[in-house]
Amino acid sequence: MPVLVNVLGGTQHQGAWGTLQLTILLLYMPFSGCQTSEYLISKRNIPGSAENLGAPRGRPAFKTDPKVYREELGSTAILICKVRNLGDSVIVWKQPDRIISAGMGMIRKDKRMSLIGHEDGINLEIKHLDTNDAGDYICEVENSGEPVLQTNKLQILVPPKISTSQPRDNLTVRKDSSITLSCNASGFPNPKISWQRQHQMLPNGEKTMEASHMTFNRVQSSDTGVYICTADNGVGIPVSATIKLNVIFSPEIEVDKRWVHGGLGREAVISCLVYGDPEPQVRWYRETMLLDRNERRLMEKFGHRNKLVITSMTNEDFGNYSCLAENDLGKSRGTIQLSGKPNVPVVLSSSQGGFSDKFNITWSVDSFSDISGYRIMYRKYVAFDDPNYDVRSRWITVIPDLRAHNHRLKTLVRQSLRHEESYLFFALEPNTKYEVMIQARNEHGWGQYSELFIFSTRATDNVPKELPFKEQQDHRGAEETPEVSGVSGVPQPPLLNLPLLLLLLLVLLLAA
């Protein structure tokens with residue numbers, strides 16, 4: 001034991017080296033007895049010891065609980081170690097596999113690390129944090145008994161980074177194929193990835209969705225757009241990456257009016273909506289003849305809408321037209337009929353009639369040529385789920401004669417294009433539903449039937465009843481009641497007819 005006394009005795013001087021020497025002896029040299037080690041340690045003059053502070057001796061204990069430190073990359077972290085009853089015990093900072101310091105002496109050779117001493121212990125400061133600094137940091141108090149340990153965790157917060165999983169940011173795929181868009185993100189904590197489409201809603205109808213990828217089982221042309229994936233973990237600002245998705249497909253044609261009415265000498269316009277990628281080329285045909293531009297025939301394009309304009313119609317211009325669209329992936333055709341026949345009649349009447357046995361139906365029809373006839377078909381209405389549906393009555397057809405006077409058919413409006421007529425049905429059954437279709441004819445022939453119109457008769461006529469005589473007298477205005485001598489309500493006597501009186505007098509004179 002004399003060697004131990006001499007060695008430790010040489011450490012009576014204050015300073016970091018003396019403290020370090022003592023710590024090494026405590027950690028690595030075996031002591032033969034607790035009394036000797038206690039005696040030798042008590043002789044030390046260590047800052048923060050119970051001897052210097054005059055505090056009562058007791059078992060060391062931590063003043064603070066273990067803590068998880070969350071610091072951003074590149075910043076500074078200060079790990080706290082506060083001990084109650086520190087006395088002449090020694091504080092050691094270490095990681096699970098490496099010692100950092102003992103007392104106020106640094107063992108780890110890292111200029112970013114330093115110690116901050118205070119009366120309750122020693123704090124560890126780490127500057128310019130990087131990802132390798134993350135992990136467990138142990139504050140250990142070496143004393144005469146079992147060491148006291150406290151483990152703190154340091155987490156390094158790393159801003160997010162993001163990149164797309166595709167080799168290119170521009171993707172071109174064919175319609176109805178499957179594709180997955182995905183993005184990779186890194187950072188701590190793990191970033192959340194969300195998706196949105198530039199200037200549009202996502203295909204699922206949502207503005208944003210949270211997922212690491214987006215899968216299209218059968219991609220459609222409407223899925224074309226710029227997709228933005230964003231990574232965010234609450235550290236720094238969110239970061240984004242973009243993927244431009246282009247869906248190519250063969251031409252697709254929509255015809256919004258498959259039947260167009262035209263008039264001789266008038267302008268007619270037929271059109272097709274054409275979609276496709278690459279952009280299709282459009283050609284117009286009448287029957288099987290390819291059409292070219294001329295002084296009466298114009299071909300225009302507004303966005304997806306392609307128009308054929310005939311400035312002055314002739315009889316030869318009536319017929320079937322088609323627009324043919326073609327690109328590298330295929331072709332498509334849409335057909336339109338240009339006709340001089342009347343347009344489809346549109347019923348204007350209310351479905352509920354005002355009478356029990358008759359109904360007045362009003363309709364309008366567009367025709368540049370004069371209307372030469374109507375065909376009206378009606379019958380009792382039977383619902384589809386009615387057991388009598390299959391044996392419902394046959395249509396009753398009425399063709400009014402427009403040349404003869406017909407009190408049941410009335411012309412309400414007759415203009416260059418619009419014609420409005422009404423027809424009165426008689427001998428209908430009360431409280432019954434009827435269905436009607438109307439067809440118009442001009443010099444070019446019969447047009448198409450109107451949509452099915454259903455009307456109902458009333459159970460009783462909707463006609464106001466006459467008031468009793470006494471009530472009629474009570475409802476007369478004051479101006480209808482004659483007045484005599486300023487007294488109202490007294491009837492005047494009837495006035496005599498002067499010429500008749502003179503004639504009567506003349507007859508009496510002649511008789512005498």
Side-chain angles (χ1 to χ4, degrees), residues 171-179 197-206 216-227 244-263 266-294 296-311 313 317-346 364-368 417 444 447-452:
L171 298 179
T172 299
V173 296
R174 291 198 65 164
K175 182 182 176 182
D176 293 328
S177 61
S178 61
I179 187 174
R197 183 157 56 157
Q198 192 176 59
H199 308 312
Q200 289 179 279
M201 304 295 278
L202 292 171
N204 62 1
E206 301 291 334
F216 301 83
N217 294 322
R218 293 187 62 188
V219 66
Q220 300 298 306
S221 57
S222 58
D223 298 329
T224 294
V226 177
Y227 291 83
K244 184 177 181 181
L245 178 62
N246 184 41
V247 181
I248 58 176
F249 56 101
S250 60
E252 298 176 355
I253 292 180
E254 293 180 10
V255 178
D256 46 6
K257 292 182 68 175
R258 294 191 175 275
W259 190 92
V260 176
H261 177 68
R266 298 187 178 269
E267 181 180 275
V269 180
I270 58 178
S271 65
C272 291
L273 291 169
V274 179
Y275 305 92
D277 194 346
E279 185 176 355
Q281 298 295 319
V282 178
R283 298 190 297 272
W284 285 96
Y285 290 83
R286 182 166 61 85
E287 308 301 343
T288 59
M289 183 178 68
L290 177 64
L291 300 178
D292 296 322
R293 291 180 174 87
N294 58 28
R296 290 195 315 107
R297 193 184 298 130
L298 306 178
M299 298 176 186
E300 302 173 346
K301 184 177 186 299
F302 301 94
H304 295 292
R305 186 175 293 277
N306 290 261
K307 291 184 176 182
L308 174 63
V309 181
I310 303 173
T311 58
M313 289 282 296
D317 293 321
F318 293 115
N320 293 315
Y321 288 77
S322 62
C323 55
L324 178 67
E326 185 173 6
N327 66 9
D328 295 338
L329 303 179
K331 57 186 176 181
S332 181
R333 184 186 296 270
T335 59
I336 307 107
Q337 183 181 5
L338 180 56
S339 174
K341 298 176 181 180
N343 219 322
V344 177
V346 177
S364 68
V365 61
D366 291 342
S367 174
F368 287 113
L417 176 64
H444 300 284
Q448 297 176 343
Y449 276 104
S450 65
E451 293 185 3
L452 200 64

Counting only heavy atoms not in [X], do more than 12 fall under 6.0 Å of its [atom1]?
X	atom1	result
Glu267	CD	yes
Lys257	NZ	no
Asp328	CG	no
Glu279	CD	no

Main chain of [Y], side chain of [X]: is a donor-acceptor contact present, judged purely on distance under 3.5 Å?
X	Y	result
Arg258	Gln337	no
Asp277	Phe249	no
His261	Lys341	yes
Lys244	Asn246	no

(Q) Before you tell me yes or no, could you show the steps for Leu291 and Tyr285 under side-chain contact (heavy atoms from CB on, under 4.5 Å), namely the whole-Å CA-CA distance, both residues' side-chain angles and the distance that decides it to 0.1 Å? (A) CA-CA 5 Å; Leu291 300 178; Tyr285 290 83; 5.6 Å; no

Quick one: pull up [atom1] in [X] and [atom2] in [Y] and give me the separation to the nearest 0.5 Å.
X	Y	atom1	atom2	result
Ser332	Asn327	OG	CG	10.0 Å
Glu252	Tyr275	CD	OH	9.5 Å
Met201	Glu206	CE	CD	6.5 Å
Ile270	Arg286	CD1	CZ	10.5 Å
Tyr321	Ile310	OH	CD1	3.5 Å
Arg296	Thr311	CZ	OG1	6.0 Å

Flag side-chain contact, heavy atom, 4.5 Å: [X] against [Y]:
X	Y	answer
Cys323	Ile253	yes
Ile336	Trp284	yes
Lys301	Val282	no
Leu245	Thr224	no
Leu308	Glu300	no
Met299	Val309	no
Val344	Glu451	no
Val247	Val173	yes

Do you know the tightest heavy-atom contact between [X] and [Y]?
X	Y	result
Ser450	Pro345	CB-O, 3.1 Å
Pro203	Phe216	CG-CE2, 3.5 Å
Leu338	Ala268	CD1-CB, 3.9 Å
Pro280	Ala325	CB-CB, 4.0 Å

Q: Apply side chain to side chain donor-acceptor pair (under 3.5 Å) to the pair Ser322 and Arg333, showing each step before the final yes or no.
A: CA-CA 7 Å; Ser322 62; Arg333 184 186 296 270; 2.9 Å; yes

Q. By side-chain hydrogen bond (donor to acceptor under 3.5 Å, both in side chains), which residues pair with Ser271, not counting sequence neighbours?
A.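 Applying side-chain hydrogen bond (donor to acceptor under 3.5 Å, both in side chains) to Ser271 gives Arg305.
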
Q: Show the numbers, then the answer: is there a side-chain contact (heavy atoms from CB on, under 4.5 Å) between Glu326 and Gln281?
A: CA-CA 5 Å; Glu326 185 173 6; Gln281 298 295 319; 5.6 Å; no

Q. So, Asp223 and Lys175, do they make that salt bridge, N to O below 4.0 Å?
A.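 The answer is no: the pair does not qualify as a salt bridge.
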
Q | Pair Leu329-Ile248, side-chain contact (heavy atoms from CB on, under 4.5 Å): steps then yes or no | A | CA-CA 8 Å; Leu329 303 179; Ile248 58 176; 4.0 Å; yes

Q | From CA spacing to verdict: side chain to side chain donor-acceptor pair (under 3.5 Å), Gln220, Asp176 | A | CA-CA 6 Å; Gln220 300 298 306; Asp176 293 328; 3.0 Å; yes

Q.
Please evaluate residues Val274 and His304 with respect to the criterion side-chain contact (heavy atoms from CB on, under 4.5 Å), reporting the C-alpha separation (whole Å), side-chain torsions for both, the decisive distance (0.1 Å), and the verdict.
A. CA-CA 5 Å; Val274 179; His304 295 292; 5.8 Å; no

